Amino acid sequence: MTIPPTIASTPWGQAPEGPVTRFTLTNASGNTVAILSYGAIVQSVKIDGKEMTLGFDSLEGYLGVNPGYGATIGRYANRIGGAAFTLNGTRYEVDANEGKNQLHGGTEGFNSRVWDAEPFSRDTEAGVTLRLVSQDGDMGYPGELRVRVTYTWSDDNALRIDYAATTDQDTVVNLTNHTYFKLGEAETVLDYILQVDADRFIPVNDEQIPTGEILPVTETPFDFRSPKRVGEDIDADHPQVQAAGGFDHSLAISHYDGSLREVALVMDPHSGNQLRCWTTEPAVQVFTTNFPTGKYKMRGDAPTPRYGGICLETQHFPDSPNHDAFPTTVLKVGETFNSTTIFRFE
Ligand code: GLA
């Protein structure tokens, strides 16, 4: 007998912009995903009752200082060097929130907005569609952007994220999800085995802004084409990992063609849990939670350990608006931006 998926909506506190709802999606196996209308955040993924993400159990945590746990990041995920770019001959200055650069859409990125949310269910899946209107000039970006993020949780423990956006003036868009995965009880992800189908990576300068090069991963710590322990090269004598204090780099998917492809696998040898990732995006920012232990808090008011989670931020390359050689992030009037990422728990 199949048990239909269920959705529970719960009022989840008050953000500065308005009330927040949490949607708990439960599949036929009884596994759950919880989505917030605040930041279109993945607040929790529970498999066999075990939490698979870093985050908080109340809204206050997300309203306070946190490293984007579970959040939808936009209008431009990752960094824009000098917090400026030129589009159609006009220079746009966007909100600088990391020194003179912009990180993750600026001070009031999409992760801190209250989205309109609408749950839905079909035979073997349940989901939530979230909508946001980002005004012309929002954080400095041109054009009114209408964004839609749809989360679908299916009976095979796959969380599918579909993004769509349209604009009324040419603009730039780079959307991602910033979930920190933690697949078991181990304090860090150092023993996890990671595989990423990426043959090149994007080196960055000391402000984590791309130098403009796209380099082969061969004989670098970034070569995850064969399964490799996350901790193996995390403190390698390589200037890129030394500067970032670990992995915090955009890995370019091999033979990228925009189709939905399996690109990454993370396996926790201690719990036996694994996570498989598919995306239509050209890159995955692999981030190993390099912050010093205790810089941020997480569930239970516990200090977030260094290397306590791993993010697979599927997206375009950082700072693409300033690099003509990178795949374009320009969204033109009349076009629709579409992208899909799937995280399946196994
Ligand atoms: C991304 C960045 C990191 C860090 C986190 C926190 O992964 O590349 O440097 O800022 O986000 O949001």
Side-chain angles (χ1 to χ4, degrees), residues 38-43 53-56 61-81 83 94-113 139 174-182 189 194 196 198 201-211 221-222 224 230 234 239-252 264 266 277 279 281-298 303-320 326 329 341 343:
Y38 180 74
I41 285 171
V42 177
Q43 183 257 329
T53 69
L54 302 187
F56 296 107
Y62 293 100
L63 296 179
V65 179
N66 80 89
Y69 294 135
T72 296
I73 309 288
R75 189 179 294 204
Y76 198 96
N78 218 312
R79 294 175 174 84
I80 295 193
V94 295
D95 181 59
N97 61 336
E98 193 182 59
K100 57 181 171 29
N101 307 314
Q102 183 180 91
L103 174 65
H104 294 337
T107 323
E108 297 289 321
F110 293 179
N111 55 310
S112 64
R113 306 290 173 80
M139 295 288 111
N174 187 27
L175 301 174
T176 195
N177 179 273
H178 210 302
T179 295
Y180 292 69
F181 297 102
K182 174 181 171 30
V189 301
L194 174 66
V196 185
F201 76 104
I202 310 302
V204 291
N205 67 16
D206 58 3
E207 294 179 358
Q208 290 188 272
I209 304 300
T211 60
F222 305 101
F224 285 99
V230 169
I234 206 166
Q240 289 287 318
V241 280
Q242 286 295 325
F247 295 105
D248 188 2
H249 292 83
S250 190
L251 306 190
V266 187
C277 174
T279 193
E281 290 295 283
V284 181
Q285 178 89 7
V286 172
F287 180 51
T288 45
T289 318
N290 306 331
F291 316 113
T293 300
K295 177 170 183 194
Y296 296 106
K297 293 282 186 70
M298 57 182 194
T304 303
R306 187 173 190 200
Y307 308 137
I310 184 164
C311 304
L312 300 175
E313 304 163 48
T314 54
Q315 57 186 262
H316 272 65
F317 301 172
D319 201 28
S320 300
F326 291 178
T329 50
T341 292
F343 294 112

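Atoms within each ligand, like the ligands themselves, are counted from 1 in listed order. Keep in mind that this is a model prediction, so the values were computed, not measured. Below, all heavy atoms of this structure are taken into account, side chains as well, without hydrogens, waters or symmetry copies.
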May I ask you to decide if Gly99's main-chain N or O and Asn101's side chain share a donor-acceptor pair within less than 3.5 Å?
no
For atom 3 (C) of ligand 1, what is the nearest protein heavy atom, given as residue, atom name and distance?
Asp248 OD2, 3.0 Å
Could you list the atoms of ligand 1 found under 4.0 angstrom from a heavy atom of Pro67?
6 (C), 12 (O)
Of all heavy-atom pairs between Thr293 and Pro303, which one has the smallest distance, and what is that distance?
CG2-CB, 4.5 Å
Residue part near ligand 1, for Tyr296, under 4.0 Å between non-hydrogen atoms:
neither
Carboxylate-amine/guanidinium contact Arg79 Glu207, below 4.0 Å:
no
Which of the atoms of ligand 1 are close to Arg79, meaning less than 4.0 Å from one of its heavy atoms?
2 (C), 3 (C), 8 (O), 9 (O), 10 (O)
Please state which protein non-hydrogen atom is closest to atom 7 (O) of ligand 1 and give its distance, to 0.1 Å?
Glu313 OE2, 2.6 Å
For Tyr180, is the nearest heavy atom under 4.0 Å from an atom of ligand 1?
yes
Please could you name the atoms of ligand 1 that Gln208 approaches to less than 4.0 Å, counting only its heavy atoms?
9 (O)
Heavy-atom proximity to atom 1 (C) of ligand 1, picking from His104, Gln315, Glu98, Gln285, points to His104
Enumerated ligand 1 atoms positioned under 4.0 Å from heavy atoms of Phe291
6 (C)
Side-chain contact, heavy-atom cut-off 4.5 Å: Tyr307 with Ile234?
yes
Looking only at non-hydrogen atoms, find the nearest pair between Gln102 and Met139 and report the distance.
NE2-O, 4.0 Å
So for ligand 1, is His178 a polar contact partner (N or O within less than 3.5 Å, distance only)?
yes
Would Thr107 and Asp95 count as a side-chain hydrogen bond (donor to acceptor under 3.5 Å, both in side chains) if you check the C-alpha gap in whole Å, the side-chain angles of each, and the deciding distance to 0.1 Å?
CA-CA 7 Å; Thr107 323; Asp95 181 59; 2.3 Å; yes
Indicate the atoms forming the closest heavy-atom contact of Cys277 with Thr314, along with that distance.
SG-CG2, 3.8 Å
Quick one: look at Leu103 and ligand 1, take heavy-atom pairs under 4.0 Å, and tell me if it's side chain, backbone, both or neither.
side chain
Examine ligand 1 and decide if any of its atoms is less than 4.0 Å from a heavy atom belonging to Gly68.
no
Using a 3.5 Å distance criterion without hydrogens, assess whether the side chain of Arg306 forms a donor-acceptor pair with backbone atoms of Asn290.
yes
Of Gln285, Gln240, Gln208, the one forming a side chain to side chain donor-acceptor pair (under 3.5 Å) with His249 is Gln240
Check: Asn78 N/O within less than 3.5 Å of ligand 1 N/O:
no
